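Below you'll find the structure, written out as structure tokens, and then a few comments.
All values reported here derive from a predicted model rather than from experimental measurement. Lettering follows sequence order; numbering is per chain, from 1.
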Number of protein chains: 2
Amino acid sequence: MPATGTQRTPSQVSGDDIVVETAWLYYEDGLNQNEIATALDVSRATVVNYLQLARDRGYVQVRLAHEAFTGHRLAMALRETFGLVAAYVLPERQDARHEIAARVVRGAADWLPSLLAPGDRLGVAWGKTIYDLAERLEARRIDDLTVLQLVGSMATPYGFSADVCSSNVARKLGAACVNLHVPAILSEARIARTLRDEALIAAQFEAMNTFNKTLFAVGSCTEDSHVVSSGVATRQELAWYLGQGAVGVLCGRFIDRAGAHIEGPLDARMMAVDLDRMRQREAGILVSAEPERATAALAAIRGGYVTHLVTGQAQAEAMLAGGG
Amino acid sequence: MPATGTQRTPSQVSGDDIVVETAWLYYEDGLNQNEIATALDVSRATVVNYLQLARDRGYVQVRLAHEAFTGHRLAMALRETFGLVAAYVLPERQDARHEIAARVVRGAADWLPSLLAPGDRLGVAWGKTIYDLAERLEARRIDDLTVLQLVGSMATPYGFSADVCSSNVARKLGAACVNLHVPAILSEARIARTLRDEALIAAQFEAMNTFNKTLFAVGSCTEDSHVVSSGVATRQELAWYLGQGAVGVLCGRFIDRAGAHIEGPLDARMMAVDLDRMRQREAGILVSAEPERATAALAAIRGGYVTHLVTGQAQAEAMLAGGG
DNA sequence: AATCTGCCGTGACTTTTGTCAAACCGAGGC
DNA sequence: GCCTCGGTTTGACAAAAGTCACGGCAGATT
């Protein structure tokens, strides 16, 4: 039983000795709280306190292994069907569809660091998904990493823009960041040309094109899509692209079912990475949560932009049903 | 309540869908088993089973953060006192002294991967500690890593030798391995010279010397030390070195309190890395568990061979008391 | 020196989790 | 169509973990 009459000084507890010891016995040696209490000669309640302290201080890390998601039935199917390097499928209940976006983002944030290596140059697109992903990314330095903004900036009603997306990803990963200090879309092709010829901007584009991995989402082609709400495209323009067979938006460019770039009125006015360049990469990471985007995601895969896919169960099923 | 009359087929459970979903709800979303049972419409006992499955399959990873050990009171003190880059101190109870070696080895095995980066060339010494460490190391590939054997091989009564140590470390980390295919000690200096001049051996030595990080333990200078039991040194030789002020053995070489190499009868007959070279490295990782080795560890630190130290609480205290 | 204050540690109680044998289901063989 | 077999699910019970209000020591304050 616990000896009475002695009490540890604050520093002994804060100094971590006992807390770490307790955590070790519990989590590494697998003793239960009673055994630990006996061994350390304190009450079990105290053991509970120490363990709580250990958790509060972040000493205990619990996570689900990537294999749980990459080894998932649907993940394997996606991988084989579409020739991906890996797929990461988040589980999803019928009755919690609204949560899936958050889960996919969380999963992608957990997975991303393990897909990157020192020396990588990561091209980052923009969108709510990417923005949220950056938010959830836990700070973990990757040596000699550079983040490159793939699309010009564009203010949105939601408070994120391409430069914020890339900056945040860079910050979390301790990476250098090359931003594109231009709007994503300009009113006239002439102005876009002028800007692209500007030495500073040209240099930024040149730097941008040195990426070896990419991180992006695909937009859907509906009127409530971000392409429209952010002002990149007007409704008329969207309608025109739809008429040409557009099923998705990738880095601001419209693509058809086969993933081919649909050249149109916007391209000359757009400041963004070229889609042909997007195919030349070591790894292309697509994050896509909602089943409604299955078609767009399929197009991106068929177009050859994707090697790694993060998605939810429902979208995975939709893709396997619709593609193949 | 759980609906009766339906039951999952084996493949549905083995197929991981439900198991991963359950694990997610429990570990990521923090629901308790009752809430999960309700949500998934199964009994709580089933939830327990699923969670057990998830753990059995290795989907759940629980570990103590490195900060628990590097941020430890004694770790900070060691770091500051001896100017180390980092120290990793394992907690230790009075009544479990015999376990500390296992803990330190485990801690070192957990820490090591995070100290290595792609492209590194890791020199590995030998000894029971290093051998055990290799055993405990969990398989995790580090790109473009090369492991280099720092000391010639020597059969021991315990079944490990330097080549086994380095090979095992390399295997676990998915690294290339350069072994030294010679005995650690030869009967005559002349033979050692001859061997060193042999093209093949010379090339191995040359490769060995390209290390940028080192992993080693220090031996103590007692009659039951491995230096004697493995036949590297005779008792007479040991006695001679003790007379010269030897307090420890590092990669087969004797060092004094200041960590200086004590040149003696063995050196010309020895096939091992040069101690001067051991000082020229990005990182030197010393693993040492028993308090009796505090003196030897101190010497190694004073000698400038160490930047990272893994040890137990008792040895840490001994070092802080004895050195400074 | 007495008092105060802020943690620390504890026992009793509640909630959560783990165990196990028995019931149950579906698939295939007779 | 019935039966057996292997794995799944479950309810009842047991064990473990979490909570909380109170008692107590140590160092600071007056």
Side-chain angles (χ1 to χ4, degrees), chain A residues 1-64 68 72-73 91 93-94, chain B residues 1-64 68 72-73 91 93-94:
Chain A
M1 94 197 51
T4 61
T6 60
Q7 192 168 17
R8 264 163 269 265
T9 65
S11 77
Q12 274 180 300
V13 173
S14 327
D16 288 355
D17 277 17
I18 329 160
V19 175
V20 175
E21 167 73 19
T22 308
W24 180 281
L25 291 172
Y26 193 72
Y27 291 104
E28 297 279 336
D29 290 349
L31 304 192
N32 67 33
Q33 298 182 353
N34 265 315
E35 295 170 315
I36 298 174
T38 308
L40 299 184
D41 197 30
V42 294
S43 75
R44 200 183 54 75
T46 300
V47 174
V48 175
N49 289 339
Y50 289 168
L51 289 175
Q52 191 56 52
L53 270 176
R55 284 186 287 261
D56 291 347
R57 290 184 192 153
Y59 291 170
V60 183
Q61 297 179 333
V62 180
R63 18 165 297 194
L64 296 182
H72 189 287
R73 178 174 59 84
R93 296 204 315 282
Q94 257 52 355
Chain B
M1 89 198 53
T4 62
T6 60
Q7 192 167 17
R8 263 164 270 263
T9 64
S11 77
Q12 274 180 301
V13 172
S14 325
D16 287 354
D17 275 18
I18 329 160
V19 174
V20 175
E21 166 73 21
T22 307
W24 181 280
L25 291 172
Y26 192 74
Y27 290 105
E28 296 281 334
D29 290 349
L31 305 192
N32 67 32
Q33 298 180 355
N34 265 316
E35 294 169 315
I36 297 173
T38 308
L40 299 185
D41 196 31
V42 294
S43 76
R44 198 183 57 73
T46 300
V47 173
V48 175
N49 289 339
Y50 289 168
L51 289 175
Q52 191 55 52
L53 270 176
R55 283 187 286 261
D56 290 346
R57 291 184 191 153
Y59 291 168
V60 183
Q61 298 179 332
V62 180
R63 18 165 299 194
L64 297 181
H72 188 287
R73 176 175 60 83
R93 297 204 315 282
Q94 257 53 355

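Under the side-chain hydrogen bond (donor to acceptor under 3.5 Å, both in side chains) criterion, B:Q52 pairs with B:R55, B:D56, not counting sequence neighbours. With sequence neighbours excluded, the residues satisfying side chain to side chain contact (heavy atoms under 4.5 Å, CB included) with B:A23 are A:L64, B:Y27, B:A54.
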Where protein sits on nucleotides 13-20 of chain C, one letter per nucleotide: B base, S sugar-phosphate only, - none, heavy atoms under 4.0 Å: ---SBBB-

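The shortest distance between the side-chain N/O atoms of A:Y50 and the OP1/OP2 oxygens of C:dC8 is not below 4.0 Å. A sub-4.0 Å separation between OP1 or OP2 of D:dT10 and a side-chain N or O of B:S43 is present.
Atom CG in A:D41 sits about 15 Å away from atom C1' in C:dC8, given to the nearest Å. Rounded to whole angstrom, the span from the CD1 atom of A:I36 across to the C1' atom of C:dG9 amounts to 16 Å.
Between B:Q33 and the choices B:L25, B:V47, B:T22, the side-chain contact (heavy atoms from CB on, under 4.5 Å) rule is met once, by B:V47.
Once rounded to the nearest 0.5 Å, the distance linking CD1 of B:I18 with CG of B:N49 reads 11.5 Å. Note that OH of B:Y50 is 12.0 Å distant from CD1 of B:I36, once rounded to the nearest 0.5 Å.
With a 4.5 Å cut-off on side-chain heavy atoms, A:N32 and A:E35 count as touching.
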